[in-house]
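Notes follow the structure.
Proteins come first, then strands; the chains are lettered A, B, ... in the order of their sequence lines, and each starts at number 1.
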There are 2 protein chains.
Amino acid sequence: MAVFSVLTPFLALVLCVVSGILVLRSRHQSKVVDPRGKTQADFKPWVDQDLQDDCEVPTREDEEGEWVDSNMEDDVLHVPYSPQRHPEDEMLQRSQHFYALMNQRRSVRFISPEPVPREIIDNVVHTAGTAPSGAHTEPWTFVVVSDADTKHQIRLIVEEEEEMNYRQRMGDKWVKDLAKLRTNWIKEYLDVSPYLILVFKQTYGALPNNKKKTHYYNEISVSIACGILLAALQNVGLVTVTSTPLNCGPQLRLLLKRPPNEKLLMLLPVGYPAKDATVPDLSRKPLEDIVVHI
Amino acid sequence: MAVFSVLTPFLALVLCVVSGILVLRSRHQSKVVDPRGKTQADFKPWVDQDLQDDCEVPTREDEEGEWVDSNMEDDVLHVPYSPQRHPEDEMLQRSQHFYALMNQRRSVRFISPEPVPREIIDNVVHTAGTAPSGAHTEPWTFVVVSDADTKHQIRLIVEEEEEMNYRQRMGDKWVKDLAKLRTNWIKEYLDVSPYLILVFKQTYGALPNNKKKTHYYNEISVSIACGILLAALQNVGLVTVTSTPLNCGPQLRLLLKRPPNEKLLMLLPVGYPAKDATVPDLSRKPLEDIVVHI
């Protein structure tokens, strides 16, 4: 039997192609599943300043252009810092009052259409912007929507996606559970709330030389800013519900004309609670269940 | 030339093997890179209540046992909610004062060894625990370390990792930049601070029937809680620096005897600022650079 045959080159070719694909995939995959590997590319010199974002996986978008690490510590002047100091008893009181205030916060889906002064919303957003961020990149954009048409378009996009999700999930049980599910994807508050705050994370920025600057930990940074935003809303007596419209990010980004480096992280309807607002009757874990002293 | 040869079965065999590997990888990869796919397994019925965590990718740990979706909306009584309401001028004032307070916050690495009453720290952590979380899972554990030995062991683990990171990165420039880098990995505050708060995210929980309950969006939920924690610290006049010890998570988890479902998200040294504390002379973006009105 001959060593070579008409099939040999064909099989060899197919083998090469498949192997090629395999290598490419494994490369891509290693990037995806091991974003914290200690290779040159992954090293983060400013880690102590910084927040970790496991989500920083390369996407086609991110891979364009040349990447540059940033280290705010370099060449930055240091200045004295001596903030106001309170006596111990006052600190204790302040800590108690702030806990009491924050503990009254609830996620509220029934929001009043009453107008809210825009200056208050601006102060709340400005407060969120004081959050720390990886290498001080401040990778957030707060899109505040009060225009009725835009709010309605947002509602249509979100509800369509939600309904699709529920239908796919439910399958047979669909008809039976329709009524119950309906309440889950109908989001009246998207029309009713005086403001919708759409929080975008900037996955990368632009340097003066037009090189891309990676925003490591951008998701954690923006989430921390959202925590401070929730505190600021509670402090003035406004309510919201923390939501992430599943799969709507790209459509909403286009609707709001945000650049490709921005990705939707959260959508927060903001206003006064409706007169007849209700919340699920849930309690929070007691302190001893969330803290461990060593 | 013959259609078949001695090489044919060999090549065919290799082709099968390689194809097999390719298929397996692509399956695994699709899990990893497409955690939001709308398959049965990935569907999140409580998405509106919830926060998105792109980091929810299956790991060996997560794949053990049987997974159960949770939906806090089911079978939960709803109760009226009418929080305190302030007149507009008071709201405006409160929003201005809270912004002024939060805008004084800085990341501080020079922390005083002076003791801080534990009750104040407890109130601060309790406040962080009021954050919203995916399906109300409250997926956080705050380990508050005041024990000197444990603090020192934490320092040794963190500094060793940091030094390794810098050495690997620096290569040739190593000797030249040694002095400058040293300041980057020496973390005196880990010994000096009266408290180290290590914030762990619970990637999954246990149901009464011992099934695992996935904690979707646990990283975003815990990051929001950290934002509220930073606000609570600032409110009482204590300082910290938001840090994520790169690659130290597993070692620190074992040192602090945390269970495998918990992963370290942040390490916050907490105390009064040192008398001679300095901070990098940085400014924050003006409001108009972070907000867009529509």
Side-chain angles (χ1 to χ4, degrees), chain A residues 2 5 7-8 11 15 18 22 29 43 47-48 52 54-55 76-79 81 85-86 91 94-95 98-99 102-103 107 120 123 125-127 129-130 132 138 142-145 150 169 220 223-224 227-228 231 235-237 242-244 246 277-281 285 287 290-294, chain B residues 2 5 7-8 11 15 18 22 29 33 43 47-48 52 54-55 76-79 81 85-86 91 94-95 98-99 102-103 120 123 125-127 129-130 132 138 142-145 150 169 220 223-224 227-228 231 235-237 242-244 246 277-281 285 287 290-294:
Chain A
S5 76
L7 270 183
T8 308
L11 283 170
L15 185 53
V18 175
L22 180 55
Q29 186 183 40
F43 181 80
V47 66
D48 177 73
Q52 176 173 337
D54 296 327
C55 315
V76 174
L77 191 75
H78 281 245
V79 294
Y81 180 70
R85 179 157 173 172
H86 313 285
M91 288 173 73
R94 292 176 66 91
S95 69
F98 194 64
Y99 166 70
M102 289 303 130
N103 195 35
S107 292
I120 292 170
N123 290 341
V125 169
H126 209 177
T127 307
T130 67
E138 302 173 277
F142 300 89
V143 180
V144 178
V145 179
T150 310
R169 173 66 160 188
I220 292 180
S223 300
I224 288 175
I228 297 174
N235 174 65
V236 295
T242 313
S243 81
T244 305
L246 187 59
T278 62
V279 296
D281 188 15
K285 291 178 179 174
L287 178 61
I290 65 172
V291 73
V292 175
H293 283 278
I294 294 178
Chain B
S5 77
L7 267 185
T8 309
L11 283 170
L15 184 54
V18 175
L22 180 55
Q29 184 184 42
V33 301
F43 181 79
V47 66
D48 176 74
Q52 175 173 335
D54 296 327
C55 317
V76 174
L77 191 75
H78 280 245
V79 294
Y81 180 71
R85 180 156 171 171
H86 313 283
M91 289 173 73
R94 292 177 66 91
S95 69
F98 194 64
Y99 166 71
M102 290 301 130
N103 196 36
I120 292 170
N123 290 340
V125 169
H126 209 179
T127 307
T130 66
E138 303 173 276
F142 300 88
V143 180
V144 178
V145 179
T150 310
R169 173 64 159 189
I220 292 180
S223 300
I224 288 175
I228 297 174
N235 174 64
V236 295
T242 312
S243 81
T244 304
L246 187 60
T278 62
V279 296
D281 188 16
K285 291 178 180 174
L287 178 62
I290 67 172
V291 73
V292 175
H293 282 279
I294 294 178

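With chain A as partner, the option from B:Ser223, B:Ala277, B:Gly237, B:Ala231 having the largest number of non-hydrogen pairs under 4.5 angstrom is B:Ser223. Interface summary for chain B: among A:Ile294, A:Val236, A:Thr127, the most heavy-atom pairs under 4.5 angstrom belong to A:Ile294. Between chain A and the residues B:Val145, B:Asp281, B:Val291, the largest count of heavy-atom pairs under 4.5 Å involves B:Asp281. With chain B as partner, the option from A:Met91, A:His293, A:Met102, A:Arg94 having the largest number of non-hydrogen pairs under 4.5 angstrom is A:His293. Top candidate by heavy-atom pairs under 4.5 Å with chain A, chosen from B:Val144, B:Val143, B:Val125, B:Ile228, is B:Val144.
Taking CG from B:Leu287 and NE2 from A:His126, the interatomic distance works out to 5.0 Å, rounded to the nearest 0.5 Å. The line from NZ of A:Lys285 to OG1 of B:Thr130 is 13.5 Å long, rounded to the nearest 0.5 Å.
A:Asn123 places no side-chain N or O within donor-acceptor distance of the main-chain N or O of B:Tyr99, the cut-off being under 3.5 Å.
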- side chain to side chain contact (heavy atoms under 4.5 Å, CB included) between A:Val79 and B:Val279, worked out: CA-CA 5 Å; A:Val79 294; B:Val279 296; 4.0 Å; yes
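What you find for B:His86 and A:Asn235 is that their closest heavy atoms are NE2-O, 4.1 Å.
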